[in-house]
Undergrad: 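There's a structure below that I have some questions on.
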Amino acid sequence: MKIGVLALQGAVAEHIRSLEAAGSEAIAVKRVEQLEELQGLVIPGGESTTIGKLMRKYGFMEAIADFSAQGKPLFGTCAGLIVLANEIEGQEEAHLRLMDMTVARNAFGRQRESFETDLQVKGIDEPVRAVFIRAPLIKKVGSSVDVLSTYKDEIVTARQGHLLAVSYHPELTDDYSLHAYFVDMVKDAAASKA
Ligand code: GLN
């Protein structure tokens, strides 16, 4: 099994390390052709406007939509979550529009630009260590979206079938449980196709 990490901008190497620790092969993805050899894809944190711009420039909008339409799992973290969302508060244009949710960017304000906490995540036994950096929040989800965790009553982890999104950076800690959860999603999706 091979999982890619979209490597246009943002935290790529850390995701590769975490995916490998969770038992998958992992590669940095810079060209759309590389998607063909992959069973799953991570869209990392960084700056969503920049990632969106580069995705449009290099043909990733159509290619990832097609990847998703094949039922192949996607995992968006922080800016990657914003890229997956149907709607972005205060912005006319969203990016991939794959997940039925409305997100707010930089939702914690200036005082709490970055912090760490332990989160209870549905489907994972132990609390997950989460690093929030100028993090977005999920303000609204559609009926097909499952809320997997909240922080102070706000949604920070969600899943819609083969799509997983988190507000924070799970790749910046030695806790690989969320990557293991995603690796399982990829295994399940590949098995159901075979
Ligand atoms: N604030 C960034 C954005 O809006 C996301 C921050 C991150 O990925 N750490 O794109």
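We count ligands from 1, going down the list as the structure has it; atoms in each ligand are counted the same way. The shown structure was predicted, so the numbers you read here are calculated from the model rather than taken from an experiment.
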Undergrad: If I compare all heavy atoms of Glu116 with all of Arg129, which pair ends up nearest, and what's the gap?
TA: OE1-NE, 2.9 Å
Undergrad: Identify, by atom number and element, the atoms of ligand 1 in contact range of Ser48, meaning under 4.0 Å from any of its heavy atoms.
TA: 3 (C), 4 (O), 10 (O)
Undergrad: What do you reckon, does Pro136 have a nitrogen or oxygen under 3.5 Å from a nitrogen or oxygen of ligand 1?
TA: no
Undergrad: Checking a contact table here: which protein heavy atom is nearest atom 7 (C) of ligand 1, and how many Å away?
TA: Cys78 SG, 2.7 Å
Undergrad: Should Val183 and Ile124 be regarded as members of a common hydrophobic cluster, given that ILVMFWY residues are connected when their side-chain heavy atoms come within less than 4.5 Å of each other, either directly or indirectly?
TA: yes
Undergrad: Less than 6.0 angstrom separating the ring centers of His179 and Phe75, yes or no?
TA: yes
Undergrad: Is Leu84 reachable from Leu164 through a run of I, L, V, M, F, W or Y residues, each pair having side-chain heavy atoms under 4.5 Å apart?
TA: no
Undergrad: Pairs of nitrogen or oxygen atoms closer than 3.5 Å, one from Gly46 and one from ligand 1: do any exist?
TA: yes
Undergrad: Please say whether Arg105 places an N or O atom under 3.5 Å from an N or O atom belonging to ligand 1.
TA: yes
Undergrad: Counting non-hydrogen protein atoms only, what is the nearest one to atom 1 (N) of ligand 1? Give residue, atom name and distance.
TA: Asn106 OD1, 2.6 Å
Undergrad: Is the distance from the ring center of Phe115 to that of Phe108 below 6.0 Å?
TA: yes
Undergrad: Pick one of side chain, backbone, both or neither for how Ile82 approaches ligand 1, counting any non-hydrogen atom pair under 4.0 Å.
TA: side chain
Undergrad: Number the atoms of ligand 1 from 1 as they appear, then name those within less than 4.0 Å of a heavy atom of Glu47, with their elements.
TA: 10 (O)
Undergrad: I'd like to check which ligand 1 atoms, numbered from 1 as shown, lie under 4.0 Å from a non-hydrogen atom of His169.
TA: 7 (C), 8 (O), 9 (N)
Undergrad: Just to verify, which of Ile43, Ile3, Leu35 counts as forming a side-chain contact (heavy atoms from CB on, under 4.5 Å) with Val29?
TA: Leu35
Undergrad: Under 6.0 Å between ring centres, would you say that holds for Tyr168 and Tyr151?
TA: no
Undergrad: With a 3.5 Å distance limit and no angle check, can you tell me whether Lys72 reaches the backbone of Leu38 through a side-chain donor-acceptor pair?
TA: yes
Undergrad: Gly45 heavy atoms, cut-off 4.0 Å: which ligand 1 atoms fall inside?
TA: 8 (O)
Undergrad: Would you say Thr77 has any N or O atom under 3.5 Å from an N or O of ligand 1, going by distance alone?
TA: no
